[in-house]
Amino acid sequence: MTAAALRPPALDKLLASGAMPALIEHHGRAPVVAVARAVLDDWRAQAPPPAFDAAAFEAACRSRLEAAAQASLRPVFNLTGTVLHTNLGRAVMAPEAIEAVVAVMRGAANLEFDLTCGGRGDRDDHLEGLLRELTGAEAATAVNNNAAAVLLVLAALADRKEVPVSRGELVEIGGAFRIPDIMRRAGARLVEVGTTNRTHLRDFEAAIGSRTALVMKVHTSNYAIQGFTASVPVAELAALCRSRGLPFVEDLGSGTLVDLTRWGLPAEPTPQQSLAAGAHIVTFSGDKLLGGPQAGLIVGDRALVQRIRKHPLKRSLRLDKMTIAALEATLRLYRDPDRLAARLPTLRLLTRSQVELTAQAERLAPVFEQFLGGRVQVQVLHCRSQIGSGSLPVERLPSACIALGAPSGARRAGRLPERLAEALRALPIPVIGRIEDGQVRLDVRCLDGAAAEEAFVAQLSGLAGVRL
Ligand SMILES: *Cc1c(COP(=O)(O)O)cnc(C)c1O
């Protein structure tokens, strides 16, 4: 063979031959040229370069182009058993919310336009009426998330002043949200009150002084302090604040708008209870138990909400039209609590019964058996789901999972669970489970509806060929 036969043809020639024109048609010329150059560079970098193989070149270009065309943010199956999983995007939207978002994405919308008088409107107007109606608050506003809500409230109401908070409530929420840090960033001075396990009203009385801006209570969303404990009830703190002429602010974290015990779920404090007990401002998330898009809601006293809304940070933290559309549609569902569990995916997922979930897992197990049988032991087990996102941290919901482990003959699972989890993540719609006791466990709670189950099953044949 001559040296020339080992080398690839000129790039132009390569791009005009074989499957390359079809790739150009599909992906566009510029990306194909860039990928072809990169593949050729890699070929040249080998020492010595092997004989050029046109079929291998095309295959390399195709796979790189397909990998690059894959969206980075894409749907996955959340079978972790955590319904509101922050890393997996928290709440799943109701169809009403999805339709509302799509409608405002397609064209112009009256985001800040008053259709009655034909003049300028306020984007808060789309949410304020509903929030007032549902929480009983005088006024309401909304920002990008609850962390932003807390930051904005403190910046607007406590700049360079003191804010007493119980030592038992200096929470860290996943990521970098820590109450002491947020306080500092907002320009407020944290005054720690009481002890980790016990804080009394007299501790707050002693902490309040001429430099106090407001008193804050933070919902201990993601942990529980048990044993010899005491905290000051909202009503007592609110009464103290009222007598001293100070605002009382509560960060509720999740803050559902309905009494969850109605569906047999554990009780979670609501903004309406907080306000009724005398809180002046309450903040909560849009995408935790509320079941809407990522947002932070601020409800309460009219004059205080007005100050919060006027703060310059509000402009940086404000919601876009898509979020407002999804939030408004989600809030509307709360007007009809009787049908909420059927219409709001978060509540529907949380209320699925163990009987239903076990039946579903038993329906799916044979499909896993079909594609993994012999290499993997497939079982249906009872397990416990979590609500997630710091909601009701110690409560667990009875659920069912498909457990995939080493075949009963094998002494140890070895790397099998990790390999299996990797293969599940590599499916067209990645499947995310959890590894426990040497098994991959797929909690079926969030695999809701016939269409989702069908799409899930349809791709499982992809497991047939994987090496474990
Ligand atoms: C979750 C939570 C936050 C942060 O809310 P995001 O909407 O995630 O920004 C703040 N405070 C408490 C008490 C929380 O539980």
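Start at 1 and go down the list; that is how both ligands and their atoms are numbered. What you are looking at is a predicted structure, and each value in this text was computed from that prediction instead of being measured.
In this structure, Arg189 pairs ionically with Glu162, as a charged nitrogen and a carboxylate oxygen lie closer than 4.0 Å. Salt-bridge check for Asp124 with Arg309: passed, with a basic side-chain N closer than 4.0 Å to an acidic carboxylate O.
More than 12 heavy atoms of other residues, nucleotides or ligands sit less than 6.0 Å from atom CZ of Arg74. In the displayed structure, Arg185 atom CZ is contacted under 6.0 Å by at most 12 heavy atoms of other residues, nucleotides or ligands.
Every atom of ligand 1 with a heavy atom of His219 under 4.0 Å away is listed here by number and element: 13 (C). For ligand 1, the atoms closer than 4.0 angstrom to any heavy atom of Ala147 are 4 (C), 5 (O), 6 (P), 9 (O). Proximity to Ser285 (heavy-atom distance under 4.0 Å) selects the following atoms of ligand 1: 5 (O), 6 (P), 7 (O). Residue Lys288 has at least one heavy-atom neighbour below 4.0 Å for each of these atoms of ligand 1: 1 (C), 2 (C), 3 (C), 5 (O), 14 (C), 15 (O). Each of the following atoms of ligand 1 lies closer than 4.0 Å to a heavy atom of Gly253: 12 (C), 13 (C), 14 (C), 15 (O).
For the side chain to side chain contact (heavy atoms under 4.5 Å, CB included) test with Gln386, the passing option among Arg445, His85, Arg396 is Arg396; the others fail.
Taking the ring axis of Phe113 as reference, the NZ or CZ atom of Arg120 does not stay both within 45° of it and closer than 6.0 Å to the ring centre.
Residue contacts with ligand 1 include Asp251, since one of its heavy atoms falls under 4.0 Å from the ligand.
Of the heavy atoms in Arg90, only side-chain atoms (C-beta onward) come closer than 4.0 Å to ligand 1.
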